[in-house]
Amino acid sequence: MWEERAHHARQEILSLAGDGNGLSELYEHAIAVVGRSVGAELMCWAALDPDTLVISTMISGEDRIPPEYEPLLADAEYRQAEPHTFAGLSRSGRVSARLSELSAAERDASVRARTVWRPLGLDQEVRTLFTVDGVSWGAAGMVRSGHDFDEREVEFLTAVAPAIASAARLAVRSEASSLLAGTVPAIVVLGGTGEVRTATPGVQEWRQRFDDIAPERFELLLHLMWIGARSSPSHVFRTRVRDGRARWAVLEASPLVGAEEDQVAVLLSPAAADDLGTLLQAAYGLTPREREVCRQVILGLSTAEIGRRLYISSFTVQDHLKSVFTKVGVHGRGELVERLRPAA
């Protein structure tokens with residue numbers, strides 16, 4: 001029975017992508033599709049930057065997680081010892097994981113379980129990663145109280161996850177195909193607890209863009225960047241994020257040197273052509289070597305020059321290009337550059 005449900009769910013989700021839905025609309029519909037087979041009191045689905053595995057946007061089900069708990073969830077997601085983080089699942093190659101798999105001591109140590117789910121009266125959680133062709137495009141967290149998520153429910157989620165990833169990849173192709181013009185970069189300085197200390201005037205437009213997703217989403221995003229900058233070994237935290245208008249931006253955070261307290265500066269900028277180009281390369285399912293070849297093509301290098309630079313033969317370069325043309329749906333280098341270099 002569950003296999004038939006999973007088959008129909010996969011078909012329905014893939015048809016949503018074929019209808020031209022954006023990422024938010026796709027997730028909203030997919031949450032409803034999955035919810036018919038796997039019950040949960042709260043659902044929070046995340047889109048991930050496929051290169052950094054940082055959350056680029058979040059979409060909730062009908063019952064949204066109370067806003068005061070969202071920073072705690074963000075904090076948990078980037079703690080090294082936190083179990084079953086989305087990035088951790090991706091690195092381990094797992095698709096689904098349940099809170100009940102952990103020992104009592106591990107559950108007590110989990111920031112997510114201790115500071116969010118328990119105060120909300122929830123004690124069961126399942127997390128599922130949306131991965132296709134080895135690239136993670138999103139993930140879902142589903143929680144409820146009482147009975148645990150059983151094996152059939154986990155099998156169902158594992159079965160539909162690749163379809164959700166494929167649909168998300170198609171949605172990203174559409175959304176990342178053009179640059180966002182006319183948006184002024186902004187800088188925000190965060191204080192020792194992540195609070196906004198000062199900002200440039202352009203920050204108001206950015207606040208509106210992200211709060212279009214959900215109220216107070218801008219503050220949550222800044223909190224995430226504050227956590228990332230403080231925990232990053234390089235002291236630089238950079239990722240692509242998606243706003244409420246289905247446009248992409250790049251956020252970069254770094255601690256300020258010489259400040260009286262632990263302050264972090266966050267730079268918000270419209271995503272440049274190169275940022276969207278690498279996102280599109282992932283969305284078209286290009287392999288790492290095919291992406292390297294594409295980068296050289298975009299630079300205008302000849303087949304022979306690409307071969308010398310990558311230490312491969314010209315014939316191998318041509319083989320890679322044939323594969324790239326097929327995946328991207330173009331017939332030549334000019335079309336390829338145009339497709340992978342978004343214009344305003």
Side-chain angles (χ1 to χ4, degrees), residues 24 44 46-49 51-60 64-80 82 85 87 111-112 115-116 179-276 279 344:
S24 295
C44 183
L48 302 177
D49 182 323
D51 291 333
T52 64
L53 299 178
V54 172
I55 295 173
S56 60
T57 192
M58 293 193 300
I59 296 93
S60 299
R64 182 189 169 194
I65 295 170
E68 61 268 26
Y69 289 100
E70 288 186 332
L72 298 175
L73 279 178
D75 183 52
E77 203 63 35
Y78 298 98
R79 284 179 176 263
Q80 293 293 328
E82 182 70 12
T85 63
V111 172
R112 207 166 58 245
T115 67
V116 181
L179 295 173
L180 179 62
T183 302
V184 177
I187 296 174
V188 181
V189 176
L190 306 176
T193 59
E195 79 283 5
V196 175
R197 297 296 299 273
T198 186
T200 55
V203 75
Q204 293 303 325
E205 181 181 355
W206 289 96
R207 180 185 300 277
Q208 182 60 53
R209 284 176 58 185
F210 288 107
D211 283 353
D212 282 346
I213 301 174
E216 302 180 24
R217 188 51 52 87
F218 183 66
E219 278 74 13
L220 177 63
L221 182 61
L222 291 179
H223 185 77
L224 186 153
M225 299 304 295
W226 177 76
I227 295 168
R230 289 165 59 90
S231 60
S232 170
S234 65
H235 303 296
V236 175
F237 190 68
R238 186 180 191 273
T239 190
R240 293 168 294 208
V241 295
R242 180 182 172 278
D243 69 11
R245 305 170 194 175
R247 295 298 182 93
W248 289 79
V250 173
L251 272 63
E252 186 168 346
S254 181
L256 289 175
V257 177
E260 294 181 0
E261 57 180 355
D262 294 331
Q263 295 183 348
V264 170
V266 181
L267 172 64
L268 303 95
S269 307
D274 288 341
D275 295 305
L276 295 182
L279 186 64

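Please read all numbers here as calculations on a predicted model, not as lab measurements.
Remark: side-chain polar atoms of D49 are not paired, donor with acceptor, to backbone N or O of T239 under 3.5 angstrom. Q263 places no side-chain N or O within donor-acceptor distance of the main-chain N or O of P255, the cut-off being under 3.5 Å. The backbone N or O of T193 sits less than 3.5 Å from a side-chain atom of E195, completing a donor-acceptor pair. Of the possible polar contacts, one joining the S231 side chain to the I227 backbone as a donor-acceptor pair under 3.5 Å is found. Checked by atom type and distance alone, the side chain of R240 pairs as donor or acceptor with a backbone atom of D275 at under 3.5 Å. Of the possible polar contacts, none joining the E216 side chain to the D211 backbone as a donor-acceptor pair under 3.5 Å is found. The main-chain N or O of G191 is found under 3.5 Å from a side-chain atom of W226 such that the two form a donor-acceptor pair. Using modelled atom types, one side-chain atom of W206 and one backbone atom of V184 make a donor-acceptor pair closer than 3.5 Å.
Within the 4.5 Å cutoff, the side chain of V188 has heavy atoms near those of the L190 side chain. Under the 4.5 Å side-chain criterion, counting only non-hydrogen atoms from C-beta, L48 is not in contact with V54.
No hydrogens or angles considered: nothing links the side chains of S254 and R238 as a donor-acceptor pair under 3.5 Å.
Ring-plane geometry between F210 and F218 is classed as parallel, the angle between the planes falling under 30 degrees on a 0 to 90 degree scale with a further cut at 60.
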| request: Start with the C-alpha distance between D243 and R217, add both sets of side-chain angles, then the distance that settles salt bridge (Lys or Arg N to Asp or Glu O under 4.0 Å), and finish with yes or no. | output: CA-CA 10 Å; D243 69 11; R217 188 51 52 87; over 6 Å; no
